[in-house]
Amino acid sequence: MDFIIAIIYIILFIIMMVFVFSIAMLKPFMSKKEMVLILGVGFFIGALGGAFFLSPIYSEVPEIATAVEKVIPGNEEVLYLDLSSATDINKLRDDLSKIEGFKSLEETGITVPLWSFNDKEYAFFNSSVPNMDSHFKNYYVNKSAGTIYVALDNYSSSQALKSIADWYRSNYAGPINYAQIHAKVVVSSSSYDQVKNLLLQKGIVASSVEGSVQNSIDNSNSSMISNTHFVLLCGGIGVIVSVLGLFFESFVVGKRRFNRFLHTKKKR
């Protein structure tokens, strides 16, 4: 939301509260039942103003909170991606490198989905993975899901997938139709929005994000109340303003009497 629009919304809410206060100051001309009605009107106008004017600003608090994190030098964001094996990693890296603040794109692992293994198949695949490629030292075979995960350590996903595909073809005489590439992108916090938008243009959404900006968003979201509660809170502010208006004259009179008492006491 534009800063000027936010200021205008806040001013409009204040004007609504001034209106509530002005109505409540008509207490000398009201009956007790009408005073209760004024409290109800104060709640309604406060909630209405909160819903239309303050709620849009409140919903953007997490984004406002991250603005500071984005400009602090040295802050970084780490985006974890799950990509199709059809993704051109080199092209993706080249496109990201054009963004100032991009630091690295690292392929961390691959997952090959096959089928749900029985005990014999599970034992076979579990013992066969290290023989597919000498680089396959850290791996996991998921029996129920029927997947093979291999961590990549200074090894490209294309090389790893070729090794698995060649082994599978020689043993099962068929191709591997799909695999998933896991990657980690490191960028400066100031470039986070640009990188996220570029990925979205390519149909890629990060599976998870870690870093200063994301921590700020998570902390803000965890501490914020729901929009419904926020609107009710604004209604409560309207009630408080109504009460202040109802008893404003009594407060002024009491203050004048107190000041007169102090003045008289000083003269004595």
Side-chain angles (χ1 to χ4, degrees), residues 1-73 75 77 100-101 188-197 200 209 211-260 262:
M1 180 182 292
D2 187 86
F3 178 74
I4 296 177
I5 294 177
I7 294 298
I8 292 173
Y9 280 1
I10 293 173
I11 292 174
L12 288 173
F13 181 79
I14 293 174
I15 291 174
M16 294 178 76
M17 292 300 98
V18 171
F19 175 71
V20 170
F21 185 82
S22 301
I23 294 177
M25 286 187 67
L26 298 175
K27 175 187 174 184
F29 308 100
M30 300 178 192
S31 64
K32 291 184 179 181
K33 291 182 179 180
E34 289 173 330
M35 290 171 59
V36 174
L37 178 63
I38 289 299
L39 295 177
V41 170
F43 177 84
F44 176 76
I45 294 179
L48 192 67
F52 283 96
F53 298 131
L54 297 188
S55 185
I57 300 173
Y58 183 70
S59 63
E60 293 191 8
V61 167
E63 186 174 342
I64 296 171
T66 62
V68 176
E69 299 293 343
K70 290 178 181 179
V71 298
I72 297 177
N75 280 358
E77 305 300 312
E100 184 178 356
S188 63
S189 295
S190 59
S191 305
Y192 172 67
D193 290 337
Q194 289 177 273
V195 170
K196 185 175 69 172
N197 290 335
L200 286 175
V209 181
S212 304
V213 170
Q214 189 61 39
N215 290 340
S216 180
I217 292 174
D218 293 340
N219 292 336
S220 297
N221 287 332
S222 64
S223 60
M224 289 174 65
I225 59 177
S226 67
N227 282 339
T228 301
H229 289 154
F230 180 76
V231 170
L232 293 176
L233 178 63
C234 292
I237 293 174
V239 172
I240 292 173
V241 172
S242 298
V243 172
L244 292 176
L246 289 171
F247 296 98
F248 181 74
E249 186 176 350
S250 300
F251 172 76
V252 172
V253 172
K255 186 175 183 301
R256 286 176 180 172
R257 289 177 178 174
F258 182 72
N259 289 340
R260 193 180 300 116
L262 291 179

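Because only heavy atoms are used, hydrogens play no part in the values below, and waters and symmetry mates are left out as well, while side chains stay in.
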My understanding is that only residues two or more places apart in sequence, or in another chain, count here; which of them pass side-chain hydrogen bond (donor to acceptor under 3.5 Å, both in side chains) with N227? none

First locate atom CZ of F53, then atom CD1 of I11, and finally report the distance between them rounded to the nearest 0.5 Å. 11.5 Å

For T228, all residues meeting side-chain hydrogen bond (donor to acceptor under 3.5 Å, both in side chains), sequence neighbours excluded: none

From CD1 (I15) to CD1 (I8), nearest 0.5 Å: 10.5 Å

Mind checking what makes side chain to side chain contact (heavy atoms under 4.5 Å, CB included) contact with F19, not counting sequence neighbours? I23, I45

Does a side-chain heavy-atom distance below 4.5 Å link I38 with V20? no

What pairs with F230 under side chain to side chain contact (heavy atoms under 4.5 Å, CB included), at least two apart in sequence or on another chain? L54, S55, Y58, I225, C234

Applying side chain to side chain contact (heavy atoms under 4.5 Å, CB included), can you list everything that pairs with S223, at least two apart in sequence or on another chain? none

Hits for side-chain hydrogen bond (donor to acceptor under 3.5 Å, both in side chains) against S189, two or more places apart or cross-chain, chain-then-number order -> E77

Please report the interatomic distance CD1(I240) to CE(M17), rounded to the nearest 0.5 Å. 10.5 Å

Looking only at atom types and distance, does a side-chain atom of S226 sit under 3.5 Å from a main-chain N or O of H229, one as donor and one as acceptor? yes

Partners passing side chain to side chain contact (heavy atoms under 4.5 Å, CB included) against V36 (at least two apart in sequence or in another chain): none

Minimum heavy-atom distance between G42 and S242, given as atom pair plus value: CA-OG, 3.3 Å

Enter the distance from L37:CG to L39:CG here, rounded to the nearest 0.5 Å. 9.0 Å

Taking every non-hydrogen atom, the tightest pair across A6 and I57: O-CD1, 3.4 Å

Could you tell me whether the side chain of Y192 reaches within less than 4.5 Å of the side chain of V209, counting heavy atoms only? yes

Please report the shortest heavy-atom distance between V231 and G50, naming the atom on each side. CG2-C, 4.5 Å

Find the distance between CZ (F13) and CZ (F52) and round it off to the nearest 0.5 Å. 13.5 Å

To the nearest 0.5 angstrom, please state how far the CZ atom of F21 sits from the CG atom of L246. 9.5 Å

Hey, does L232 have a side-chain heavy atom less than 4.5 Å from the side chain of F43? yes

